[in-house]
Amino acid sequence: MKIEACFLTFLTKPHGVSVGVRVVRSQEYKNTDQFPSPLEEAATMMMIRTNSLLHHAFFKLTGILITNSLTTTPLSSSRLGLESTLLASLLHSTSFSNNDDPPLSRYQKVSSLDDAFNLFDEMIQRKPLPSVIKFNQLLSALTKLNHFSCSLDLFKQMCAIGVPVDKYSMSIAIKCCCQMSRTNDGFALLASCFRRAVVPDVFVFNTLLDGLVIENRIAEAERLFKKLIKQKICEPNVVTYSTMIKGLCKFGNNDIAIGLLRLMDERGCKLNVVAYNIIIDSLCKDKMIEDAFKLFNEMVFAKGIQPDVITYTSLIYGLCNLCRWDEVSKLLKEMEEDLRISPDVKTFSILADAFCKEGRVDEAEAVIDIMVERGEVPNIVTYSSLVDGYCLRGEMTKARTLFDSLTSKGLVPTVITYNSLLNGYCKSLKIEEAMHMFHEITRKGLKPDIVSYSTMLQGLFRVGRCGAARKLFDEMRSQGLIPDEYTYGVILDGLCNNRQVEEALSLFHLVGDSKLNSDIVVYTILIEGAGKCGKLDIAKTLFHDLTVKGLQPDVRTYAVMISGLCGKGLVEEAKQLFLKMDESGCPPNNATYNVLLQGYLKKKKYDDVEKLLQEMDGRSYSLDASASALLIDRIAAGSLYRSLLKLISRLMPKELMETPS
DNA sequence: TTCGATTGTC
């Protein structure tokens, strides 16, 4: 008997385990009776080896597969105990794979562009031509490797040589267009469907809808979505709804997205975990974690839909973002121990990144060690987080060593990886090193993005090279990159710090971009810059403009304004503004207190100093470096009552207490 | 039920 491959399906039941075994035999032995018991035993052993977690295993003995005969053999748990050494040897002599995919044809197996082109050339020379299915399999494989452009080229050749392309070919070709942000070309292909007598189905429309979402053409996406329904072009399915939901979330319309989820439910479209995941993730990214959990609970308990690793990863990301570490570990425990869902590369990367952003690089390294132990392979994103972690701590040697080792790990740094290094070098004032890396981006065939440019601009301004910054800014625009609020913030801040407030102000007015002119962060930068340069009139005007524009100053805006006032000795005015914060619904924070405190100290308003210190103590706030220095100075000069010492020592930051200098 | 569509990391 020639058994060449067998499929196993494991079903875990409350009272035991039953194993469904599907044996695939070669065609010629189609009708043979029993399947051999050593194989059955081997199957059992395999299941034990894989810890019963594997629901589906593909057990390959030798060579090629074929056919189907299904036998279901319930196994008693006693038979799960293995005694036979024979079985062990059988297992050792065979290899098995956890891959539960059916064997792939050579058209689906292409692993490189060369493979694909060679195969294609061979195919089109055959007479008769292979079936369109074979061509589609090839296109699909290329698309899965993200070679959209090449896949599209082959599609065009297929059309040219007369392969009768069908709806599958069309949907793959349209997908390629859409993924390359060429959705209009996708619609052109849709038009050609009608010429070819191919009736586009819901798959094609879903792809096009997603293309519009990818290109941020949300209004058009909505129009298409409604048109499909109204004109009964096709019945939207769960993917259509989910794609539309994704688009709504992308534009910050979480509520409408949830509304659409309700609508699909009402219309009898079965909800699934993907639809929920999209909204849960969006809520997490928008820091609306409570709403995310509400939806999560609804999904699990009301709808009985099982969450998956993506659901948990989104929630963990949201919690990390809010530094809610206790809940992060609770959730990790829940997914692993209760639901047997293993964190994967992305989950681990998020954890490592969160530690890096907290400055806890050691712990990030430990996370990566754990993931490696668990058989997950860290990818470029994982290591980029670590590079960034080193850079944030100014550990540039470590950052560079890790970065340089990436290539030997077979990983290709992205622009984001480079941006971390640029940032690290700039913050360490190693502008030449930063410039060198900046040029390397292009040398490696990558394109610097607005973050790269903004980071370099910030570095150049910081070392006072305003001319070079100007040149780089022009270069950035000549590359077709549109500066965003962040870029402008960097430039305005840079100009102000180089005592060019008027220049900054005129740039601010010159741009006249609505987004820039109504960004509280940009305003705050300008107000701070003006204040620092002693141009209080400008700062006041800008601050006043805010109310005119209906913009709400945030806690930082107040702080820079208070600081500006204090800098000019207008402590009373600063105090009034400080008092106004609470009633404006923007209560002062630790930083605000420190700013005002310095103003009082400089003005020798010691009664106010004492009152403020008491308040800070009541709120468990602490002194920052400059306020502490000023306080110590005043105590040394004998200006402050020594009775305040105890209070002050309570408010001293820990770092300062530990390293007396 | 052997070719197509939706979700998470720097």
Side-chain angles (χ1 to χ4, degrees), chain A residues 65 68 101-105 107-108 130-144 151 165-176 178-179 186 198 200-211 213-214 234 236-247 249-250 272-282 284-285 307-318 320-321 343-354 356-357 364 367 371 376 378-389 391-392 411 413-420 423 451:
Chain A
L65 51 130
N68 45 354
D101 292 328
L104 297 175
S105 79
Y107 305 97
Q108 298 162 288
S131 90
V132 65
I133 295 180
K134 301 282 181 263
F135 281 102
N136 289 344
Q137 288 178 333
L138 177 58
L139 290 189
S140 166
L142 262 184
T143 307
K144 284 186 182 121
S151 179
V165 294
D166 61 5
K167 58 179 178 174
Y168 291 93
S169 335
M170 294 308 286
S171 77
I172 297 170
I174 290 175
K175 167 150 178 133
C176 290
C178 292
Q179 292 290 319
V198 170
D201 59 7
V202 67
F203 282 85
V204 167
F205 287 110
N206 288 344
T207 309
L208 285 164
L209 189 66
D210 193 43
V213 170
I214 288 172
C234 71
N237 62 17
V238 61
V239 179
T240 325
Y241 280 104
S242 300
T243 308
M244 195 62 237
I245 285 174
K246 181 177 87 169
C249 288
K250 201 171 171 186
N272 64 11
V273 67
V274 178
Y276 274 101
N277 281 350
I278 294 169
I279 307 183
I280 288 174
D281 182 63
S282 175
C284 287
K285 292 219 163 78
D308 59 13
V309 64
I310 296 180
T311 325
Y312 276 100
T313 303
S314 293
L315 290 168
I316 288 169
Y317 178 87
C320 284
N321 232 350
D344 64 10
V345 191
K346 292 187 185 178
T347 327
F348 281 119
S349 296
I350 286 167
L351 294 171
D353 185 55
C356 285
K357 290 205 165 80
V367 167
M371 73 186 276
E376 293 288 345
N379 60 21
I380 186 62
V381 178
T382 325
Y383 286 118
S384 292
S385 289
L386 197 54
V387 169
D388 195 51
C391 288
L392 291 175
L411 298 172
T414 67
V415 173
I416 299 176
T417 327
Y418 277 99
N419 288 346
S420 293
N423 186 43
V451 178

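Letters go in sequence order (proteins before strands), and every chain restarts at 1.
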J.: Could you tell me whether the phosphate oxygens of B/dT2, OP1 or OP2, come under 4.0 Å of any side-chain nitrogen or oxygen in A/Gln108?
T.: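 For A/Gln108, the contact criterion (side-chain N or O under 4.0 Å from OP1 or OP2 of B/dT2) is not met.
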J.: Would you please test A/Asn423 and A/Leu392 for side-chain contact (heavy atoms from CB on, under 4.5 Å) and show each step?
T.: CA-CA 8 Å; A/Asn423 186 43; A/Leu392 291 175; 4.1 Å; yes
J.: Side chains of A/Ser171 and A/Thr207: is there a donor and an acceptor less than 3.5 Å apart?
T.: no
J.: By salt bridge (Lys or Arg N to Asp or Glu O under 4.0 Å), which residues pair with A/Lys357, not counting sequence neighbours?
T.: A/Asp353
J.: Send over the distance from A/Lys134 NZ to B/dG4 P, rounded to a whole Å.
T.: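 Interatomic distance, NZ of A/Lys134 to P of B/dG4: 13 Å.
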J.: Could you encode protein contacts along nucleotides 5-10 of chain B as a string, one character per nucleotide from 5' to 3', using B for base contact, S for sugar-phosphate-only contact and - for no contact, with a heavy-atom cut-off of under 4.0 Å?
T.: BBBBBB
J.: I'd like to know if A/Asp201 reaches the base of B/dG4 with its side chain, counting only an N/O donor and acceptor under 3.5 Å.
T.: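 Looking at the base of B/dG4, it does pair with a donor or acceptor on the side chain of A/Asp201 (distance under 3.5 Å).
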J.: If you look at every heavy atom in A/Met170 and A/Val198, which pair is closest and at what distance?
T.: CG-CG1, 4.1 Å
J.: Search all heavy atoms of A/Pro378 against all heavy atoms of A/Val345 and return the closest pair with its distance.
T.: CA-CG1, 4.5 Å
